[in-house]
Protein chains: 2
Amino acid sequence: MSRGHIRVTEALRDEACPVTEVLDRVAGKWSIGILIAAAHGPVRFTELERSINGISRRMLTLTLRRLERDGLLVRTVYPTVPPKVEYTVTPMARELHDSLTGLVGWAERHRSAIAEARAAYDTATEQRPDID
Amino acid sequence: MSRGHIRVTEALRDEACPVTEVLDRVAGKWSIGILIAAAHGPVRFTELERSINGISRRMLTLTLRRLERDGLLVRTVYPTVPPKVEYTVTPMARELHDSLTGLVGWAERHRSAIAEARAAYDTATEQRPDID
DNA sequence: CTGCATCCTACACGATACTG
DNA sequence: CAGTATCGTGTAGGATGCAG
């Protein structure tokens, strides 16, 4: 698929908005989980697949590739008979770790509060369709 | 046990995916920008629209609604002749601020490094056997 | 074991126009 | 000023199957 001109657009947008830039890299449903799981040391493909609950093989591969492309992960292939591949976080990605765990910790602390806020909002927002 | 890092991944899995939860809330192209922009005090709709470069009115509204629903923003309407609406971050959202600015700061520090990593990766990947 | 190819659906997002 | 309504696009992500 040739998307050369698309890259230009992306580059322009990234220049304009550093905030968007963060999200484009760390966004995705599984990026943070992978980065945290790999933060402590080299992790194998299957190891990630098992530890990250709910991820499909396809998304694991795609996310891994994108993180590798952005220089957040290093992929090491051992040409053994059963293939062995290890993913290691780069120093750059390691700098992200604190913010990432901060995010996760925040989510854990406020999970119930958020659920309540949602329920309250939805209840208050529920309009009766038949108000004549 | 010599494989202590396994415990971390297991912990991640046991959490019923708080990671996904964070992203579901903070994800979206504009959430972080809005939360940071509103962190210093009440912000009006148009004020946000002007300060966040590139956001459409529709996405601003949608993101605002979602953040409000999750209890991260409080929406205050002043029934004046020209409508006035202010959005204020909740204490819960304020706790996120450090992690958020951490992310943005990280992005700014490593922007060029990431761009280089991307270019290098793409160059190494575009080894086309035959050129059309 | 570690992927890639293909098909498909959901939804995030943008553009535009209209409104109290 | 602060939205809502509608339409169209791209793409993230899931399911499944094949391969080195």
Side-chain angles (χ1 to χ4, degrees), chain A residues 1-10 12-14 16-17 19-20 23-34 38 42-70 73-88 125 127, chain B residues 17 19-20 23-34 37-38 42-70 73-88 125:
Chain A
M1 49 186 73
S2 59
R3 23 176 287 175
H5 63 288
I6 300 291
R7 292 224 183 92
V8 178
T9 311
E10 283 176 354
L12 285 174
R13 185 191 57 192
D14 289 348
C17 196
V19 175
T20 302
L23 285 181
D24 283 353
R25 263 160 263 300
V26 172
K29 199 172 176 179
W30 311 104
S31 302
I32 293 185
I34 290 177
V43 188
R44 298 187 59 175
F45 186 90
T46 308
E47 200 174 347
L48 284 170
E49 192 178 12
R50 279 177 316 189
S51 61
I52 300 178
N53 195 13
I55 193 171
S56 65
R57 194 159 299 170
R58 178 182 126 89
M59 285 318 295
L60 180 55
T61 302
L62 285 180
T63 310
L64 249 18
R65 286 294 168 276
R66 190 169 63 184
L67 293 175
E68 184 194 0
R69 183 165 102 105
D70 287 345
L73 287 180
V74 171
R75 179 169 176 267
T76 310
V77 181
Y78 299 92
T80 55
V81 174
K84 177 182 175 180
V85 180
E86 279 185 348
Y87 293 90
T88 312
T125 307
Q127 314 280 3
Chain B
C17 251
V19 175
T20 302
L23 285 181
D24 284 352
R25 265 159 264 300
V26 173
K29 199 172 177 180
W30 310 105
S31 301
I32 293 184
I34 290 177
V43 189
R44 298 186 59 174
F45 187 90
T46 308
E47 199 174 347
L48 284 169
E49 195 177 10
R50 279 184 296 110
S51 60
I52 301 179
N53 194 14
I55 193 170
S56 65
R57 193 159 300 169
R58 177 182 126 90
M59 285 317 296
L60 180 54
T61 301
L62 285 180
T63 310
L64 248 18
R65 288 291 171 278
R66 192 169 63 182
L67 292 175
E68 184 194 0
R69 182 165 104 105
D70 286 346
L73 288 181
V74 171
R75 179 171 176 265
T76 310
V77 182
Y78 299 93
T80 56
V81 174
K84 177 181 176 182
V85 179
E86 278 185 349
Y87 292 90
T88 313
T125 305

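A, B, ... follow the sequence lines: proteins, then strands. Residue 1 opens every chain. All values reported here derive from a predicted model rather than from experimental measurement.
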Could you encode protein contacts along nucleotides 13-20 of chain D as a string, one character per nucleotide from 5' to 3', using B for base contact, S for sugar-phosphate-only contact and - for no contact, with a heavy-atom cut-off of under 4.0 Å? BBB----B
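Here B:Thr88 pairs with B:Pro42 under the side-chain contact (heavy atoms from CB on, under 4.5 Å) rule; sequence neighbours left out. With sequence neighbours excluded, the residues forming a side-chain contact (heavy atoms from CB on, under 4.5 Å) with A:Thr63 are A:Trp30, A:Ser31, A:Ile34, A:Met59, A:Leu67, listed by chain and number. Listed by chain and residue number, A:Asp122 satisfy the side-chain hydrogen bond (donor to acceptor under 3.5 Å, both in side chains) test with B:Arg69 (two or more places apart in sequence, or in another chain). By the salt bridge (charged side-chain N to carboxylate O under 4.0 Å, His left out) test, B:Glu49 pairs with B:Arg57, sequence neighbours left out.
Scanning both residues, B:Leu73 and B:Ala38, for their nearest heavy atoms gives CD2-CB, 4.3 Å.
Residues A:Arg44 and A:Leu48 are not in side-chain contact: their nearest non-hydrogen atoms beyond the backbone lie 4.5 Å or more apart. A:Leu62 places none of its side-chain heavy atoms less than 4.5 Å from the side chain of A:Arg66.
Note that CD1 of B:Ile52 and CD of B:Glu47 are 10.5 Å apart. Values are rounded to the nearest 0.5 Å. Within the model, atoms CZ of B:Arg25 and OG1 of B:Thr20 stand 10.0 Å from one another, a figure rounded to the nearest 0.5 Å.
Overall, the helix from C:dC1-D:dG20 to C:dG20-D:dC1 carries an axis bend of 50° between its ends, with five pairs at each end and the value rounded to 10°.
Protein chain B touches strand DNA chain C; the 5'-most and 3'-most nucleotides with an atom under 4.0 angstrom of its non-hydrogen atoms are C:dC13 to C:dG20.
Residue contacts shown for B:Tyr78 are absent, as no nucleic acid heavy atom lies under 4.0 Å away.
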Show me the donor-acceptor pairs, under 3.5 Å and distance only, between side chains in residues 74-85 of chain B and residues at least two apart or in other chains.
unit_1: B:Arg75; atom_1: NE; unit_2: B:Tyr87; atom_2: OH; d: 3.3
unit_1: B:Tyr78; atom_1: OH; unit_2: B:Glu86; atom_2: OE1; d: 3.2
unit_1: B:Thr80; atom_1: OG1; unit_2: B:Tyr78; atom_2: O; d: 3.4
unit_1: B:Thr80; atom_1: OG1; unit_2: B:Pro82; atom_2: O; d: 2.5

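Atom CG of A:Leu60 and atom P of D:dA12 are 16 Å apart (whole Å). When rounded to the nearest whole Å, the span between CZ of B:Arg44 and C1' of D:dA2 equals 9 Å. Rounded to an integer number of Å, the gap from B:Arg75 CZ to D:dC1 C1' is 12 Å.
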